[in-house]
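Here's the structure, in structure tokens; my notes come after.
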Amino acid sequence: MKPPQWGYWCECWTEDLADGWQPALLAAFDAYSAPQADRWVAVTLRKISPALDADASDEAWEWLYEGRIETRRALLRSEPCTVSVTHASTRITWTIRPVLFLPLMHRQGAEGESCGKHRVYWSGSRRGY
């Protein structure tokens with residue numbers, strides 16, 4: 001079995017501010033380095049920025065040019081980060097949290113799909129583990 005591995009759990013949430021609906025999870029990603037985690041957000045922001053209204057596009061590019069380095073520094077200090085842009089009445093939020101990925105044991109002899117390919121994560125401090 002592989003040993004636990006430090007990484008980052010990344011999520012993208014959307015929230016309709018006009019209707020007051022609960023946020024909905026759009027995507028999740030497991031990153032194994034701070035650059036990989038903030039790159040996931042950066043690539044997504046670059047892809048969607050042409051479709052955003054002017055204010056949201058400005059928010060996106062402000063983070064890409066100025067906020068990204070602060071995000072990277074915070075991740076390297078094992079601090080969680082959030083990046084948000086608001087387009088019309090929709091808020092899009094990316095969260096990145098340091099986690100310890102725990103491999104699951106392979107269930108030999110069990111019917112159905114093997115759990116050995118899946119991972120769980122523990123969101124806790126790297127310090128003092």
- Item | Validation row, ring centre Tyr32 to ring centre Phe101 under 6.0 Å | yes
- Message: Is the shortest side-chain heavy-atom distance between Glu79 and Pro98 below 4.5 Å?
- Response: no
- Quick one: do Val41 and Ile96 satisfy side-chain contact (heavy atoms from CB on, under 4.5 Å)? Show the steps, please. CA-CA 9 Å; Val41 176; Ile96 307 170; 3.9 Å; yes
Find the distance between [atom1] ([X]) and [atom2] ([Y]) and round it off to the nearest 0.5 Å.
X: Glu15; Y: Thr86; atom1: CD; atom2: OG1; answer: 9.0 Å
X: Arg97; Y: Leu75; atom1: CZ; atom2: CG; answer: 12.5 Å
X: Glu70; Y: Trp63; atom1: CD; atom2: CH2; answer: 11.5 Å
X: Asp19; Y: Ser89; atom1: CG; atom2: OG; answer: 7.0 Å
X: Thr14; Y: Trp21; atom1: OG1; atom2: CH2; answer: 10.0 Å

Locate the shortest heavy-atom distance separating [X] from [Y]; write the atom from each residue and the value.
X: Trp94; Y: Ile48; value: CH2-CD1, 4.0 Å
X: Glu66; Y: Ile69; value: O-CG2, 3.5 Å
X: Thr82; Y: Ser84; value: CG2-OG, 4.0 Å
X: Leu64; Y: Arg68; value: O-CB, 3.9 Å
X: Ala28; Y: Trp9; value: CB-CZ2, 3.5 Å
X: Ala37; Y: Tyr8; value: CB-CB, 3.9 Å

Report yes or no: does [X] contribute a side-chain atom to a donor-acceptor pair with the main-chain N or O of [Y] at less than 3.5 Å?
X: His87; Y: Leu52; answer: no
X: Asp16; Y: Ala18; answer: yes
X: Thr71; Y: Gly67; answer: yes

- Query: Linking I/L/V/M/F/W/Y whenever any side-chain heavy atoms sit under 4.5 Å apart, do Val85 and Tyr65 land together?
  - Reply: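 Yes, one cluster joins them.
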Going by atom types only, do [X] and [Y] share a side-chain donor-acceptor pair under 3.5 Å?
X: Trp61; Y: Ser49; value: yes
X: Trp13; Y: Glu11; value: yes
X: Ser78; Y: Trp6; value: no

- Task: In sequence, state the C-alpha distance, the side-chain angles, and the governing distance for Arg91 and Thr93, and then conclude on side-chain contact (heavy atoms from CB on, under 4.5 Å).
- Result: CA-CA 6 Å; Arg91 179 182 300 134; Thr93 302; 3.5 Å; yes
- Kindly indicate, with the supporting measurements, whether the criterion side-chain contact (heavy atoms from CB on, under 4.5 Å) is fulfilled by Glu59 and Glu62. CA-CA 5 Å; Glu59 287 178 69; Glu62 182 178 329; 5.7 Å; no
- Apply side-chain contact (heavy atoms from CB on, under 4.5 Å) to the pair Cys12 and Ile92, showing each step before the final yes or no. CA-CA 7 Å; Cys12 179; Ile92 308 166; 3.8 Å; yes
